[in-house]
K.L.:
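One structure, as structure tokens, below. Some questions next.
We count residues from 1, following the sequence as given.
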Amino acid sequence: RLQPAQLDDEGVCQEFIPLVLDCLCSKEHKLRLMASRALPVVVDSSSLEKCLAYVKEVLFCLPSIDAKHGALMGMSALLESTLSYGRQRAGGHDSAVVEEICRLLRKESNAGLACEGFEALRALGAGDIVRAKAAREFLALGFKDTSITPAARAIKAAAQTLVSVGLRTRNIEAIKCAMGNCHDSKVAAVKSLKKLLSNFDDLGDEEE
């Protein structure tokens, strides 16, 4: 998939930033997705902190789930871009934002934004314990029918988080939690486990 090209600071069109930020709060999912992908392109190093502050304000202040969903995508995109393009990482681990995301993940009605919530926790640099706890609490909501809800993607993200954290920290309980949950969680956990273990095998082959 094509990725957005990063412009030099001098070539960034600052006047587009408010428009892109408005689109992040749109009711249309596709428009929010496109806005989150465009945001790192139009934001330069001088406006990065201001844009991060805006998406955090949306996350805390606007009641709309669509707006919160867009804010999470925009936050992840901005934080990822600071790493991808070698900028100084801004925002970093913000405990208040991490707690707000974890709070959102504890509500079944927010399942539609949970996948982006887990991604934002990772991009913010939240610790393994925090991410694993958020994943456990989300799965504990006990989704019954994921075929007609957006919960399936979020369950997959939660299971992948638990497996990744479990392997990295040698916490077998985290992996067992993902494996012992609903069908979607089990399937995602097995696939994630196979993929991560195959990566370990490849590293071992290279060392030999």
K.L.:
Do you know the tightest heavy-atom contact between Ala189 and Ala159?
P.N.:
N-CB, 4.0 Å
K.L.:
Could you state whether Ile65 and Phe60 fall into the same hydrophobic cluster, counting links through intermediate Ile, Leu, Val, Met, Phe, Trp or Tyr residues with side-chain heavy atoms under 4.5 angstrom apart?
P.N.:
yes
K.L.:
Taking Leu121 as the starting point, is it possible to reach Leu72 by hopping between hydrophobic residues whose side chains are less than 4.5 Å apart?
P.N.:
yes
K.L.:
For Lys195, does its backbone N or O pair with a side-chain atom of Ser198 as donor and acceptor, under 3.5 Å?
P.N.:
yes
K.L.:
To the nearest 0.5 Å, what is the distance between CG on Leu39 and CG on Leu78?
P.N.:
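If I round to the nearest 0.5 Å, the distance is 4.0 Å.
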K.L.:
Name the residue from Lys107, Arg103, Arg106, Arg131 that meets the salt bridge (charged side-chain N to carboxylate O under 4.0 Å, His left out) definition with Glu137.
P.N.:
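Among the candidates, only Arg106 passes.
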K.L.:
Assess whether a salt bridge exists between Arg153 and Glu116, defined as any Lys/Arg side-chain N lying under 4.0 Å from an Asp/Glu carboxylate O.
P.N.:
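Yes.
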K.L.:
Flag the pair Leu62 / Lys68 as yes when at least one side-chain heavy-atom distance between them is below 4.5 Å, and no otherwise.
P.N.:
no
K.L.:
Looking only at heavy atoms, which two atoms of Gly112 and His69 are closest? And how far apart?
P.N.:
O-CD2, 3.7 Å
K.L.:
Under a single-linkage definition using a 4.5 Å side-chain heavy-atom cutoff for Ile, Leu, Val, Met, Phe, Trp and Tyr, are Leu19 and Leu33 assigned to the same hydrophobic cluster?
P.N.:
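Leu19 and Leu33: separate clusters.
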K.L.:
How close do Met75 and Leu124 get, heavy atom to heavy atom, and via which atoms?
P.N.:
SD-CD1, 3.8 Å
K.L.:
Are Arg136 and Glu173 close enough for a salt bridge, meaning some N to O gap below 4.0 Å?
P.N.:
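Salt bridge between Arg136 and Glu173, a charged N being under 4.0 Å from a carboxylate O: no.
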K.L.:
Do Ser185 side-chain atoms and Asn181 backbone N/O form a donor-acceptor pair below 3.5 Å?
P.N.:
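Pair absent, no side-chain N/O of Ser185 close to backbone of Asn181.
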